[in-house]
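Here is the structure we will look at.
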Amino acid sequence: MGENEQEARADKQIATLYRNGSIAKDLRLHFATFAVEGEANDYNINNCEMTAKLLNANLAAQWTAMGLPDVGFWCEPGPYREDGFAPTTFDDEYPTGVTEKAAP
């Protein structure tokens, strides 16, 4: 495997977490990079998407209660890119499958 092929494969496994701005909704602000090597191809993007959903759920609850504008997080495969779009809606979700706290 050539050097360019290895770089392309590594970039394919990277996932980037973005957020928009509270004033400029079309901003693409870098928040985090998920770049664990040697895992399954979907490992980084799955962790990125889970993080985005949790952050969005927390923001939705907090910012809506305070009457603040929508700010959100989203993931894209690959390293950070300045060009692209910022979505107008964001997936959110609290952890599922948890019905009650475990006994101490």
Connected via hydrophobic side-chain network under 4.5 Å: Leu59 and Phe31: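 Yes, it is one cluster - the side chains of Leu59 and Phe31 are joined through contacts under 4.5 Å.
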
Has the side chain of [X] got a donor or acceptor atom that lies under 3.5 Å from a matching backbone atom of [Y]?
X	Y	value
Thr16	Thr33	no
Asp92	Lys53	no
Asn44	Val36	yes

Could you pull out the closest heavy-atom pair between [X] and [Y], with the gap in Å?
X	Y	result
Val71	Asn56	O-OD1, 4.4 Å
Trp74	Ala86	CH2-CB, 3.6 Å
Gly38	Gln13	N-OE1, 4.1 Å

Plane angle bin for His30 and Tyr18 - parallel if under 30°, tilted between 30 and 60°, otherwise perpendicular: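 Because their plane-to-plane angle is over 60°, the rings of Tyr18 and His30 count as perpendicular.
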
Nearest-0.5 Å distance, [atom1] of residue [X] to [atom2] of residue [Y]:
X	Y	atom1	atom2	answer
Ile45	Met50	CD1	CE	12.0 Å
Leu29	Asn20	CG	CG	7.5 Å
Asp26	Thr88	CG	OG1	12.0 Å
Cys75	Asn47	SG	CG	9.5 Å
Phe85	Glu76	CZ	CD	6.0 Å

Pair Arg28 + Glu82: basic N to acidic O under 4.0 Å: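 No.
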
Residue pair Leu17, Leu55: steps toward the side chain to side chain contact (heavy atoms under 4.5 Å, CB included) verdict: CA-CA 11 Å; Leu17 178 61; Leu55 288 167; 4.0 Å; yes

Side chain to side chain contact (heavy atoms under 4.5 Å, CB included) between Asn46 and Phe34, intermediate numbers included: CA-CA 10 Å; Asn46 285 344; Phe34 295 76; over 6 Å; no

